[in-house]
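Values in this document were obtained by computation on a predicted structure and should not be read as measured data. Values below: all heavy atoms of this structure, side chains included; hydrogens, waters and symmetry mates excluded.
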Amino acid sequence: MAKDRASRRARLRRQTAEAANAAGNKRDSNRAFAQEYAYVLKDLRRVFVLAASMFVLLIVLNVVLL
């Protein structure tokens with residue numbers, strides 16, 4: 001019975017260590033992904049600002065010209 005508990009605890013420790021290692025690898029890959037594609041976010045922000053400003057310009061022109 002004590003042997004079963006010890007093996008169960010050892011198995012749980014091993015699973016916990018493996019899960020922590022997998023989570024660490026996932027965080028590292030997410031960080032690398034974010035650094036690698038940071039320029040995409042900058043481009044998307046630029047496109048969004050440009051689209052929003054054109055939309056506002058269209059509204060202003062509609063009000064002024066009508």
For this session: Report the residues that fulfil ring-ring contact (aromatic ring centres under 6.0 Å, His included) with Phe33, sequence neighbours left out, ordered by chain and then residue number.
Result: Tyr37
For this session: Could you list all the salt bridge (Lys or Arg N to Asp or Glu O under 4.0 Å) pairs where at least one residue sits in residues 54-66, not counting sequence neighbours?
Result: none
Problem set entry | Inter- and intrachain pairs under salt bridge (Lys or Arg N to Asp or Glu O under 4.0 Å), touching residues 51-66, at least two apart | none
Output side-chain donor-acceptor pairs under 3.5 Å for residues 43-58, partner residues at least two apart or in another chain, one line each.
{"from": "Asp43", "atom 1": "OD1", "to": "Arg46", "atom 2": "NH1", "distance (Å)": "3.2"}
{"from": "Ser53", "atom 1": "OG", "to": "Val49", "atom 2": "O", "distance (Å)": "3.2"}
{"from": "Ser53", "atom 1": "OG", "to": "Leu50", "atom 2": "O", "distance (Å)": "2.8"}

In a table with atom names and distances, give each donor-acceptor pair under 3.5 Å that connects a side chain of residues 59-66 to protein atoms at least two apart or in another chain.
none

